[in-house]
Visitor: 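Below is one structure. I have some questions about it.
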Amino acid sequence: MSVPGITEPKDLIVRARAGDTQAWGELYREYAPAIFRFCRRAMPTREDAEDATMEIFMKLREKLGQFDPSRSFSAWLYKVAANHCWDLLRRRKARHDKDMEDVEEIPLEAPEPNQLERLIEERSSEEVRKALNTLGTRARMALVMRYYSDMSYDEIADALGVRRPFVGVVLLRARHDLRQALQGSGALAVGGTQ
Amino acid sequence: MSDQQPAKHLDEFTLLMYVERQLDRDAAQEVSLHTQTCTRCLTLLRALDRESRLLTRSMLEEDEPLPLKLSQFHEKVKRSLGWIWGVVFGLAALGVYALYTGYIEPWQNQLEQAGFGGTNLLSLMVFQSAFWKGWQSMFSLVEFVALSCVAGFGVFAIRRYLRRGTALAVMFASLGLLASFATPASAAEFRKSESVTVGKEEIIKSDLYATAEHIRIEGTVEGDFFGFGTSVEISGHVAGDVICFCQSLRISGQIDGNLRSMANNITITGTIDRSASTFTEMFTIDPTGKIGRNLTSFAKSLTIDGSLGRDLLAMFAKGTINGSIGGSLSARGENLTINGGASIGGPAKFEGDNPADVSSNAKLASPLEYKKLEHKSHNARGSGYYVWTVIWTAAYVLFGLVLLSLLPGFSREASQNVENVGASFGLGVLVFFAVPIAAVIACITVVGLFVGLTTVFLWYASLYFAQIIVGATVGQWILGRAADTWGLIGRMVIGICILRATMAVPYLGMWIKFGVIIWGVGALSLAIYRRLQPTLAPNIPSVPMTPASAPSAPLPPNTTVGGY
């Protein structure tokens with residue numbers, strides 16, 4: 001897992017860990033756009049994403065000493081970001097988003113392959129991003145962690161607080177929700193095959 | 001690839017797991033073989049793969065530049081840090097000074113005047129009060145409290161994982177282990193009926209808790225006695241302390257420990273070896289009555305005809321002393337009469353509405369020092385009042401700085417809750433009144449003393465924190481929502497200044513302050529409540545998976561299986 005176009009700045013990380021504020025600034029400038037984009041995809045509004053980005057970097061500054069330099073900095077950074085965003089979303093979810101659990105009781109039907117192909121061809125990236133914003137918190141978070149940050153199933157399970165075997169189910173349901181958002185409710189849930 | 005279609009297709013989940021490289025080698029081989037012969041499944045497999053790539057592409061696309069606020073964030077933080085700690089330390093000094101001169105020093109003076117010199121309030125309450133059980137018992141108490149704290153922190157720390165079977169198993173196993181090491185609690189006897197009597201020949205070898213309309217102790221209680229009733233009469237012997245909440249309390253027997261009581265009237269004709277603390281309408285020590293050490297009394301009418309071994313600290317409407325006080329007298333009230341038969345061994349001070357009426361036959365170690373009681377008017381505010389308002393505002397700002405810096409997330413949540421006016425006010429009223437009551441009840445039991453005192457302390461601190469949180473919200477109403485902690489701190493400062501200014505308005509300010517406290521306490525409680533809510537357990541049903549058959553053909557080229 002790595003931030004696209006960024007090679008791991010090992011020296012910068014070491015200096016930032018030692019308290020070099022200039023190095024920290026450079027590190028921030030390097031990674032802030034990617035983390036902001038991550039938060040923008042994961043959080044419901046732009047303001048939330050901005051707040052989350054700042055909080056993540058404040059947290060990061062405190063936690064940088066805990067980072068193991070032998071591992072990937074980007075992976076660690078995304079893990080911190082994912083945990084923070086999910087923590088924020090989870091707290092809101094506890095207050096507002098109770099409907100999601102009911103929806104997940106509905107059994108899934110497999111899509112018609114050709115119809116799915118057509119849908120993927122017809123939809124632009126922008127439309128996908130807009131559809132993402134309409135998803136429930138867990139569905140969106142799972143997709144962002146997997147397809148933006150390239151986090152492993154173990155890491156996703158850890159962040160979302162679910163058992164590893166369920167990560168695939170969460171992702172599958174998230175994709176179904178996304179398709180529904182892209183094409184209108186139930187459009188692809190026809191002709192299911194087993 | 002052949003056009004031959006198998007009777008059964010693979011389900012979407014299996015295909016997705018294949019695309020995601022989450023299948024083990026055998027299962028992946030089955031999928032691989034199946035898709036060589038099944039066009040439909042192969043199309044779905046490709047569609048899922050393309051969907052993954054579309055998702056990644058859509059998310060990675062840079063559609064928005066980094067907001068200006070974020071571009072400047074690092075510089076802003078760096079700039080802020082330089083001066084902010086100077087301000088913090090400056091305000092800290094001011095706050096500590098305000099706290100000392102406003103609260104600690106007056107208390108210290110009061111206690112010294114009452115003969116408790118060299119001690120502080122905490123040591124007074126812990127080591128000299130009815131709650132002090134000797135070192136052995138207190139060590140057990142400390143152990144219990146420590147274990148409770150550790151357990152509480154443990155549960156809080158692992159609350160996210162509590163739904164997992166293993167975590168629960170570990171927790172219950174640990175509790176079982178702790179329970180097996182725990183010291184068994186000392187025995188206590190509980191009696192509850194319309195009338196409770198400990199007969200003359202009866203000896204209770206433990207603590208006694210009694211609840212009844214009429215309670216009579218004619219025999220012996222070797223532990224402490226806790227009484228709740230309409231009338232309580234102790235004519236026997238209590239070797240420990242007496243803690244009593246009743247309408248009428250009469251002590252004609254012997255108490256080896258202390259007396260702590262809230263009652264309508266208390267009459268002592270017997271002996272209390274140690275000290276007494278009472279809140280009553282009428283308090284009387286008859287000529288035969290005796291208290292070995294100190295008496296702290298808040299009463300409408302106080303009469304001492306018997307003897308008090310050491311000091312008297314009292315507030316009353318009418319006080320009459322005919323007996324002897326071995327130590328000093330420090331009293332405040334409307335009228336004080338010291339009759340001819342009275343004797344006071346130490347210095348005597350009275351602050352009251354009228355000068356004390358002291359008989360010339362009374363034996364006083366030194367002349368009574370009288371000071372006219374000043375009833376401060378709320379409107380009489382000199383320049384000092386406004387100076388102190390400014391100093392206290394600074395102290396609030398300091399407190400807010402520290403809290404918002406230490407607990408930015410929590411403060412932000414609490415500040416958001418303030419805008420939920422109905423819930424915050426409702427909960428605020430409940431917490432404001434219920435928590436102190438619960439804490440006092442907790443203090444009644446020995447085990448609950450620490451918990452009760454801690455609760456009272458936290459409750460008291462929350463009254464200040466509440467004003468800070470409401471201040472932060474007021475600031476945000478004026479300057480707009482804060483994006484970061486420092487922004488929130490800035491808004492808090494402005495809000496606090498506004499609130500403190502409105503609270504300085506005569507009469508109305510008092511109500512504004514009360515309202516703000518209730519509001520803020522509610523918002524804080526709401527934030528704590530939401531934090532303690534467990535993570536919603538994932539309620540994920542299983543997706544039907546068709547077990548693939550087990551053909552053993554090679555995988556298609558460029559296929560990675562199971563993440564390898």
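By convention in this document, chain letters (A, B, ...) are assigned in the order of the sequence lines, proteins followed by strands, and residues within each chain are numbered from 1. Note that these values count all heavy atoms, side chains included, but never hydrogens, waters or copies made by symmetry.
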Visitor: Any idea which heavy atoms bring A:F36 and B:P65 closest together, and the distance?
Guide: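 So the minimum-distance heavy-atom pair works out to CE2-O, 4.0 Å.
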Visitor: How long is the straight-line distance from CG of B:L54 back to CG of A:L178, given to the nearest 0.5 Å?
Guide: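 Those atoms lie 8.0 Å apart.
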Visitor: Between B:R50 (side chain only) and A:L116 (backbone N and O only), is there a donor and an acceptor less than 3.5 Å apart?
Guide: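 No: the side chain of B:R50 does not pair with the backbone of A:L116.
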Visitor: Please flag which part of B:L15 lies under 4.5 Å from any non-hydrogen atom of chain A: side chain, backbone, both or neither.
Guide: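 Contact with chain A: none, neither part.
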Visitor: What heavy-atom pair brings B:R40 and A:P111 nearest, and what distance separates the two atoms?
Guide: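 Reported closest heavy-atom pair: NH2-O, 4.3 Å.
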Visitor: Is B:E51 close to A:Y147 at the side-chain level, that is, under 4.5 Å between some pair of heavy atoms?
Guide: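 A:Y147 vs B:E51: side chains apart.
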Visitor: Measuring heavy-atom distances to chain B, does A:V144 have an atom under 4.5 Å in its side chain, in its backbone, in both, or in neither?
Guide: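 Its backbone and side chain both get close to chain B.
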Visitor: Quick one: are A:R164 and B:Q22 in side-chain contact, heavy atoms under 4.5 Å?
Guide: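 Heavy-atom side-chain distance check passes, below 4.5 Å.
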Visitor: Tell me, out of A:E126, A:R46, A:R123, who's got the most heavy-atom pairs with chain B below 4.5 Å.
Guide: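 Looking at each of A:E126, A:R46, A:R123 in turn, A:R46 comes out on top.
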Visitor: For B:F425, enumerate each residue passing the ring-ring contact (aromatic ring centres under 6.0 Å, His included) test, keeping only those at least two apart in sequence or located in another chain.
Guide: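 Checked B:F425 against ring-ring contact (aromatic ring centres under 6.0 Å, His included); matches are B:W519.
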Visitor: A:G168 and B:F13: which non-hydrogen atoms are nearest, and at how many Å?
Guide: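 What the structure gives for the nearest pair is C-CE1, 3.4 Å.
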Visitor: If you look at every heavy atom in A:R175 and B:E20, which pair is closest and at what distance?
Guide: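 A:R175 and B:E20 have their closest heavy atoms at NH2-OE2, 4.0 Å.
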Visitor: Only counting residues at least two apart or in another chain, list the ones meeting salt bridge (charged side-chain N to carboxylate O under 4.0 Å, His left out) with A:E47.
Guide: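 Per chain and number, A:E47 pairs via salt bridge (charged side-chain N to carboxylate O under 4.0 Å, His left out) with no residue.
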Visitor: Would a 4.5 Å heavy-atom cut-off, applied to side chains only, mark B:T56 and A:Y148 as touching?
Guide: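 No, their side chains stay 4.5 Å or more apart.
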Visitor: Measure across A:P33 and B:L66 and return the closest heavy-atom pair with its distance rounded to 0.1 Å.
Guide: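 Here A:P33 and B:L66 meet closest at CA-CD1, 3.8 Å.
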Visitor: For side chain to side chain contact (heavy atoms under 4.5 Å, CB included), just list the numbers for A:L143 and B:M59, CA-CA rounded to whole Å, side-chain angles, deciding distance to a tenth of an Å, and then say yes or no.
Guide: CA-CA 10 Å; A:L143 290 176; B:M59 289 191 214; 3.9 Å; yes
Visitor: How close do B:S58 and A:R129 get, heavy atom to heavy atom, and via which atoms?
Guide: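 Scanning both residues, the minimum pair turns out to be O-NH1, 2.9 Å.
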Visitor: About how many Å separate CD of A:Q115 and OG1 of B:T43, when rounded to the nearest 0.5 Å?
Guide: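 Interatomic distance, B:T43 OG1 to A:Q115 CD, rounded to 0.5 Å: 13.5 Å.
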